[in-house]
Amino acid sequence: MKVMKKVLGTVLIMAAVTGAVFAGGKKEQAPAVQSTGNADVDKIVRAGALRVGVKSDVPGFGLLNPDTGHYEGLEIDMAKLIAREIFRDENRVVFTPVTAKTRGPLLDNGDIDFVIATFTVTEERKLTYNFSSIYYTDGVGLLTKKAAGYTGLKDLNGKTVGVAQSSTSRKVIEKGAASLGVSVKFLEYATYPEIKAALDSGRVDAFSVDKAILRGYLDASVGLLPDTYEPQPYGIASKLSNRNLASWVDGLVTRWLGDGTIKALIAKYDL
Ligand code: GLU
């Protein structure tokens, strides 16, 4: 820690000195930006706040609590820890609610620095985004009406499953159905509330996505089927060109996996 303080102090002084030289001996000085030694992280420092895309409807991960008006969950705490690391202030983070469909474009446009939003790491997605080490692994499930009496995917032959656009769910269920010799149809929606409404009104017979997400849509008339289809490992995503940022945040996640921080957050939210 002492060494780090010294390094930061030195960089600060250098910034001030350089500023004076560039100003040609005039009185103006460059703002004393504390360089972190990482160009991508320095950009966030200069911006004054960290911008993170999170879920607003996933209990335990990213939930905008309507009673408090604040975001809460494991992924929210991770974003705050990153802000604390950069600014020594966990409140210097601006949250943007994202869906499976919007999170990639928001990263591409540079509107957000990270996505921490139940984003499954896949080989295909690694070609488009940087992902950190895995901080949690969920699994794909099915939500159905209790009154329908379904017990598993095998009961859904000829039925329609509602899935989110740009999510992994369709491929996973297609594969699971094929292995059971059943054929299911799909309807794709932009958001989860739309799929739940479609389930309630009978336009779809099942709602499929990660179980963590489905838990946010439980009510008296619907239930989660017991089976889990394919693991969904979550990582922090960043824009592909921000390699420095990706390796820096991966260093943090790796540290948190090693020192029990992630384990404690998983216990805190009972995940
Ligand atoms: N985790 C899955 C995915 O990344 C489900 C979609 C979502 O996170 O909303 O595709």
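Computation of the quantities below employed the complete heavy-atom set of this structure, encompassing side-chain atoms and omitting hydrogens, waters and symmetry-equivalent molecules. Numbering of ligands and ligand atoms starts at 1, following listing order.
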Margin query: If only side-chain N and O atoms count, and only distance matters, is there a donor-acceptor pair under 3.5 Å linking Tyr136 with Glu75?
Written below: no

Notebook entry, point to check: At under 4.0 Å between heavy atoms, which part of Asp138 makes contact with ligand 1: side chain, backbone, both or neither?
Noted result: neither

Note to self: Closer than 4.0 Å to some heavy atom of Thr120 - which atoms of ligand 1 meet that?
What the structure shows: 1 (N), 2 (C), 3 (C), 4 (O)

Checklist line | Greater than 12 external heavy atoms within 6.0 Å of Asp219's CG | finding: yes

Next item on the list: Taking only heavy atoms of Tyr192 into account, list the atoms of ligand 1 that are under 4.0 Å away from them.
Entry: 6 (C), 7 (C), 9 (O)

Check: Taking atom 8 (O) of ligand 1 as the point of reference, which of Val209, Thr118, Thr168 owns the nearest heavy atom?
Finding: Thr118

Margin query: Tell me whether Arg103 forms a cation-pi arrangement with Phe119, defined as NZ or CZ under 6.0 Å from the six-membered ring centre and within 45 degrees of its axis.
Written below: yes

Next item on the list: Using side-chain contact (heavy atoms from CB on, under 4.5 Å) as the criterion, point out the one residue from Asn242, Ile82, Asp40 that pairs with Trp248.
Entry: Ile82

Check: Counting only heavy atoms, which portion of Lys101 has something under 4.0 Å from ligand 1: side chain, backbone, both, or neither?
Finding: neither

Checklist line | side-chain contact (heavy atoms from CB on, under 4.5 Å), paired with Asp210, selected from Thr120, Thr228, Thr137, Val172 | finding: Thr120

Notebook entry, point to check: Would you call Arg46-Asp42 a salt bridge at under 4.0 Å N-O?
Noted result: no

Checklist line | Any N or O of Lys55 closer than 3.5 Å to N or O of ligand 1 | finding: yes

Check: Which ligand 1 atoms does Asp210 reach within 4.0 Å, using its non-hydrogen atoms?
Finding: 1 (N), 2 (C), 5 (C)

Next item on the list: Just go through Lys171, Gln232, Arg125 and tell me whose heavy atom is the nearest to atom 4 (O) of ligand 1.
Entry: Arg125

Check: Relative to each other, are the rings of Phe61 and Tyr234 parallel, tilted or perpendicular (30° and 60° limits)?
Finding: perpendicular

Notebook entry, point to check: Can you list the ligand 1 atoms lying under 4.0 Å from a non-hydrogen atom of Ile213?
Noted result: 7 (C), 8 (O), 9 (O)

